[in-house]
Amino acid sequence: MGKTTAEKIFASHLVDEPFAGTKVLKLDVVMCHEITTPIAIADLMARGKDRVFSASNIKAVVDHVTPSKDTKTATQAKILRDWARRHNIKDFFDIGANGVCHALFPEKGFIRPGYTVIMGDSHTCTHGAFGAFAAGVGTTDLEVGILKGVCAFREPKTIRFNLNGTLPKGVYAKDAILHVIGLIGVNGATDRVMEFRGPVVDAMTMESRMTLCNMAIEAGGTSGICMPDMVTVDFLWPFIKDEYASKEAALAAFKEWCSDDDAVYDQVLNIDLSNLEPTITFGYKPDQVKPVSEIAGEAVDQVYIGSCTNGRLEDLRIAAQILKGKKIAPNVRGILSPATPHIYQEAMKEGLIDIFMDAGFCVTNPTCGACLGMSNGVLADGEVCASTTNRNFMGRMGKGGMVHLMSPATSAATAIEGKIADPRKYL
Ligand SMILES: CC(C)[C@H](C(=O)O)[C@@H](O)C(=O)O
Ligand code: SF4
């Protein structure tokens with residue numbers, strides 16, 4: 001019987017099965033940020049176990065609130081910073097080099113097909129775009145991961161999503177994943193791996209695949225997963241060129257991780273996206289989605305472009321294409337947070353930052369900040385934000401604030417009109 005990618009990764013990383021169905025896996029990468037890791041560090045210290053399993057397999061970043069905004073966030077950053085120094089974690093990213101974890105770590109080439117990856121962050125599923133098993137974990141699992149380099153999982157079944165057809169103009173990975181979550185609901189993939197397949201995914205860049213996998217958790221998914229292919233090889237090539245004789249050799253090795261043709265799935269869903277419209281959330285749950293045409297005209301106070309979902313260069317290019325030569329509406333505050341310093345610099349070189357600033361956007365340093373309502377764009381009570389982020393929970397971007405999730409294109413069109421707008425008329 002064939003295996004899925006997730007089953008192959010579980011089989012190859014298994015170190016123990018203490019109870020039937022509970023599998024202890026060897027970890028390839030443990031990622032850390034300043035919100036959840038300090039709690040794990042404090043506990044390890046209290047137990048006299050201030051050690052790390054490997055200084056090189058641990059990656060750490062101060063990203064959620066940076067530069068720190070108050071004593072509390074400064075202390076969180078300091079705990080992580082001191083810990084990283086104490087343990088010689090060389091891949092530690094701080095002010096000047098820091099960016100949103102799920103954009104920064106892939107950009108550095110840390111994730112490879114077949115890897116096991118954990119982090120104390122729910123959007124760790126993003127990294128499955130490389131054909132890895134990547135899961136967000138709680139503090140206890142993070143502590144064990146840091147100390148021993150292993151993590152216990154109940155092996156998830158896989159749901160295969162065949163994304164068929166081609167995405168129409170003005171419709172992107174974000175619209176596709178919002179549509180999928182709308183179809184299956186916020187619990188539709190609970191304890192399941194969401195395997196994204198089909199011609200729509202094959203045609204996607206790694207950035208788009210990361211957008212897709214990023215929101216797996218919003219449907220309850222443990223990890224998103226895409227099949228590694230030449231797009232994956234091309235993205236990783238600068239980091240792996242000394243390991244493989246050629247791109248074809250790398251591809252052959254990566255393909256070993258692809259699900260077998262006769263793999264058994266929990267469910268297989270065939271979804272044709274050829275007629276998909278730009279899609280947007282209207283409520284406080286990510287599965288409350290509508291075509292933008294049904295909600296167009298609703299006023300917004302702020303437009304936010306950024307985050308681990310849609311703060312990458314591709315996203316900035318799409319939004320800038322729409323904003324070029326235009327001004328955002330006077331009733332709207334536009335905020336752009338490029339997800340990493342590299343993205344910021346590339347966007348500057350390409351003239352994208354000028355386009356955003358000329359349109360009236362404020363450009364912040366790379367950080368999560370506004371996405372989770374902590375800094376750089378917190379909403380006031382009753383305000384509405386059009387956002388490229390991944391969570392629209394009540395008050396997510398500020399107490400009493402409402403968030404509509406959408407693509408960078410829809411956000412840019414919305415900024416121009418000051419109310420929710422269909423991006424297709426600007427393309
Ligand atoms: C702060 C962190 C624990 C949190 C998460 O796990 O997702 C954050 O990144 C978020 O998006 O709300
Ligand atoms: S950008 Fe938002 S969703 Fe992503 S890790 Fe940061 S806070 Fe979480």
Side-chain angles (χ1 to χ4, degrees), residues 30-41 59-66 68-69 72-73 76-77 79-80 93 98-107 117-129 134-143 174 177-178 181 186 207 210-224 281 284-286 304-312 315-316 335-340 343-344 364-379 385 387-398 401 403 405 408 411:
V30 176
M31 308 189 302
C32 298
H33 66 52
E34 89 280 17
I35 305 291
T36 49
T37 308
I39 306 163
I41 295 170
K59 318 289 178 186
V61 64
V62 179
D63 64 349
H64 275 63
V65 187
T66 180
S68 305
K69 64 170 183 171
K72 184 178 176 203
T73 52
Q76 286 172 310
I79 293 170
L80 189 73
F93 301 90
N98 57 356
V100 177
C101 51
H102 309 306
L104 184 74
F105 293 150
E107 184 185 282
V117 182
I118 65 161
M119 183 175 203
D121 190 281
S122 57
H123 296 103
T124 307
C125 48
T126 311
H127 307 276
V137 298
T139 308
T140 310
D141 284 335
L142 181 62
E143 276 179 45
K174 181 61 160 291
I177 189 61
L178 287 173
I181 296 168
V186 289
E207 293 170 302
M210 283 190 257
T211 301
L212 208 54
C213 291
N214 175 269
M215 291 193 70
I217 186 65
E218 307 310 328
T222 309
S223 183
T281 62
Y284 293 107
K285 293 196 305 164
Y304 181 71
I305 299 179
S307 85
C308 58
T309 322
N310 280 127
R312 299 187 179 83
D315 304 310
L316 273 52
I335 300 172
L336 167 68
S337 301
T340 69
I343 294 167
Y344 199 152
T364 82
N365 66 296
T367 179
C368 297
C371 170
L372 75 168
M374 287 193 73
S375 62
N376 290 334
V378 180
L379 300 177
C385 184
S387 179
T388 67
T389 53
N390 51 32
R391 284 199 170 141
N392 55 346
F393 306 158
M394 172 92 75
R396 163 79 175 177
M397 295 182 76
V403 183
L405 306 176
S411 303

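Read the numbers this way: they start at 1 and go in the same order the structure lists the ligands and their atoms. Residue numbers run from 1 in the order of the sequence given.
- The contact set between ligand 1 and Thr36, taken as ligand atoms under 4.0 Å from a residue heavy atom, comprises 3 (C).
- Residue Ser307 approaches ligand 2 through these ligand atoms, each under 4.0 Å from one of its heavy atoms: 1 (S).
- When non-hydrogen atoms are compared, ligand 2 lies under 4.0 Å from the side chain of Arg396 (C-beta onward) but not from its backbone.
- Nearest non-hydrogen protein atom to atom 8 (C) of ligand 1 is His64 NE2, 3.4 Å.
- Among all protein heavy atoms, the one lying closest to atom 2 (Fe) of ligand 2 is Cys371 SG, 2.3 Å.
- Annotation: atom 11 (O) of ligand 1 to nearest protein heavy atom, Arg396 NH2, 2.8 Å.
- Ligand 2 places these atoms under 4.0 Å from at least one heavy atom of His123: 3 (S), 8 (Fe).
- The shortest separation from a heavy atom of Thr389 to ligand 2 is not under 4.0 Å, leaving the residue out of contact.
- No part of Thr309 comes within 4.0 Å of ligand 2, judged by heavy-atom distances.
- Below 4.0 Å from some heavy atom of Leu372 lie the following atoms of ligand 2, by number and element: 7 (S).
- Every atom of ligand 2 with a heavy atom of Val100 under 4.0 Å away is listed here by number and element: 1 (S).
- Short contacts between ligand 2 and Cys308, defined as distances under 4.0 Å to a heavy atom of the residue, involve ligand atoms 1 (S), 3 (S), 4 (Fe), 5 (S).
- With a 4.0 Å cut-off on non-hydrogen atoms, Asp121 touches ligand 1 through its backbone as well as its side chain.
- Residue contact check: Arg391 has heavy atoms under 4.0 Å from atoms 7 (O), 10 (C), 11 (O), 12 (O) of ligand 1.
- Judged by distance alone, with hydrogens and angles left aside, the side-chain atoms of Thr37 form no donor-acceptor pair with the main-chain N or O of Glu34 at under 3.5 Å.
- Protein heavy atom nearest atom 6 (Fe) of ligand 2, with residue, atom name and distance: Cys368 SG, 2.3 Å.
- For His33, no nitrogen or oxygen atom sits less than 3.5 Å from a nitrogen or oxygen atom of ligand 1, counting backbone and side chain alike.
- Contacts with ligand 2 closer than 4.0 Å are made by side-chain heavy atoms of Asn390 only, the backbone lying farther away.
- Below 4.0 Å from some heavy atom of Asp121 lie the following atoms of ligand 2, by number and element: 5 (S).
- Nearest non-hydrogen protein atom to atom 5 (C) of ligand 1 is Ser122 OG, 3.3 Å.
- Set against the non-hydrogen atoms of Ile35, the atoms of ligand 1 under 4.0 Å away are 1 (C).
- In His64, the part holding a heavy atom less than 4.0 Å from any atom of ligand 2 is the side chain.
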